[in-house]
Amino acid sequence: DGGITQSPKYLFRKEGQNVTLSCEQNLNHDAMYWYRQDPGQGLRLIYYSQIVNDFQKGDIAEGYSVSREKKESFPLTVTSAQKNPTAFYLCASSKGSMNTEAFFGQGTRLTVV
Amino acid sequence: EDQVTQSPEALRLQEGESSSLNCSYTVSGLRGLFWYRQDPGKGPEFLFTLYSAGEEKEKERLKATLTKKESFLHITAPKPEDSATYLCAVRGSNDYKLSFGAGTTVTVRA
């Protein structure tokens, strides 16, 4: 089945540690995105990538980093510089055209302990 | 900057009681308006894309419409399984990113 796979589903991190969230898609989509969702708030864009080896900062990129070495994969690293990392993280992908919808994975819930 | 405002924040309906959700937007050159459904603890599920004013899309009990400034999601004769948070998003002509509203949480009581 085609889709977007995020792992792990739940992640616990100690303060001061970096963690990496995985996102893989087999939809042959060019564009991939990372969003953060907090209770009562809309999805906020962290980073997005339109093509392999290229990515752009979104609205809340501070404290996060990404890479796009393969078309299928877009991992997100939450660094120790991110002051409030506890949130629900969502990865999405879409075809190359700007008119097309994005499809989402099932999310990773990150908790700092 | 693209902006999306959804209202109301929450909507409680009796089974069979039809209602509408609103999504107001400002965007430079609309490339698409998107509706999603999100269940608790899950990723958003794509419902509809609307491209131009006057366009309508339907799926089961849901119907989405679009004007130049807003979109409506009409829920006709809802059932408890329609309970979810409904998200609206827009993409403008400036870049690839999707800008989301905060969502409307719909609860349908049997």
Side-chain angles (χ1 to χ4, degrees), chain A residues 2-7 9-10 21 23 25 27 29-51 54-61 68 74 87-111, chain B residues 1-10 21-52 55 57 59 64 66 71 84-105:
Chain A
I4 301 171
T5 302
Q6 290 188 242
S7 62
K9 187 172 182 179
Y10 299 98
L21 282 58
C23 178
Q25 55 99 358
L27 300 169
H29 285 171
D30 290 308
M32 296 188 74
Y33 313 79
W34 275 105
Y35 285 88
R36 169 182 171 138
Q37 188 174 35
D38 295 284
Q41 296 193 37
L43 278 65
R44 292 184 291 166
L45 182 66
I46 305 172
Y47 270 97
Y48 65 107
S49 168
Q50 299 176 22
I51 197 169
D54 186 42
F55 48 83
Q56 289 78 40
K57 292 183 179 180
D59 301 317
I60 56 166
R68 186 87 186 276
F74 192 39
F88 191 47
Y89 290 88
L90 289 160
C91 178
S93 71
S94 66
K95 292 181 182 178
S97 166
M98 290 180 69
N99 295 347
T100 59
E101 57 277 359
F103 295 92
F104 284 82
Q106 289 303 294
T108 293
R109 186 166 300 280
L110 173 63
T111 304
Chain B
E1 184 177 324
D2 302 340
Q3 289 194 336
V4 181
T5 304
Q6 292 188 247
S7 62
E9 290 184 14
L21 285 57
N22 178 265
C23 171
S24 297
Y25 65 92
T26 56
V27 64
S28 176
L30 181 70
R31 299 300 295 263
L33 185 141
F34 309 91
W35 282 99
Y36 291 85
R37 169 195 170 121
Q38 186 177 25
D39 293 307
K42 301 284 184 66
E45 174 190 347
F46 169 71
L47 293 173
F48 304 109
T49 305
L50 300 167
Y51 294 108
S52 57
E55 189 174 2
K57 294 273 181 75
K59 180 180 180 180
L66 181 66
S71 177
T85 296
Y86 291 87
L87 301 171
C88 173
V90 298
R91 182 185 280 130
S93 58
N94 291 336
D95 56 40
Y96 270 80
K97 74 174 191 178
L98 285 170
S99 299
F100 280 83
T104 295
T105 300

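Naming: A, B, ... by sequence-line order, numbering from 1 per chain. Values below: all heavy atoms of this structure, side chains included; hydrogens, waters and symmetry mates excluded.
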Discussion item. Please confirm whether the ring centroid of B:Tyr36 lies under 6.0 Å from the ring centroid of A:Phe104.
Written reply: yes

Worksheet item: Can you name the nearest heavy-atom pair linking B:Phe34 to A:Glu101, along with the distance?
Response: CE2-CA, 3.4 Å

Worksheet item: Below 4.5 Å, heavy atoms only, C-beta onward: do B:Arg91 and A:Ser94 meet side chain to side chain?
Response: yes

Practice prompt. Could you tell me which portion of A:Gln106 (side chain, backbone, both or neither) has an atom closer than 4.5 angstrom to a non-hydrogen atom of chain B?
Written response: both

Worksheet item: With side chains defined as the heavy atoms from C-beta onward, is the minimum distance between A:Gln56 and B:Lys97 less than 4.5 Å?
Response: no

Item to complete: Residue by residue, scan residues 22-29 of chain B and write down, ordered by number, those that have a heavy-atom distance under 4.5 Å to chain A; if none do, write 'none'.
Response: none

Worksheet item: Is the shortest heavy-atom distance from the side chain of A:Leu90 to the side chain of B:Gln38 under 4.5 Å?
Response: yes

Item to complete: Sort out for me which of A:Gln50, A:Gln6, A:Arg44 touches chain B most, counting heavy-atom pairs under 4.5 Å.
Response: A:Gln50

Discussion item. Is it true that, when you exclude A:Gln41 itself, more than 12 heavy atoms of the residues, nucleotides or ligands shown sit nearer than 6.0 Å to its CD?
Written reply: yes

Worksheet item: Hey, does A:Tyr48 have a side-chain heavy atom less than 4.5 Å from the side chain of B:Leu98?
Response: no

Discussion item. So for A:Ala102, is it side chain, backbone, both, or neither that comes closer than 4.5 Å to the heavy atoms of chain B?
Written reply: both

Worksheet, complete the sentence: Okay, B:Ser93 and chain A: the region with an atom under 4.5 Å from a heavy atom over there is backbone

Item to complete: Please say whether more than 12 non-hydrogen atoms of neighbouring residues, nucleotides or ligands are located less than 6.0 Å from NZ in B:Lys57.
Response: yes

Fill in: OG-CG distance between B:Ser99 and A:Asp59, expressed to the nearest 0.5 angstrom
6.5 Å

Response to the item:
So, the part of B:Glu1 with a heavy atom under 4.5 Å from chain A: the answer is neither

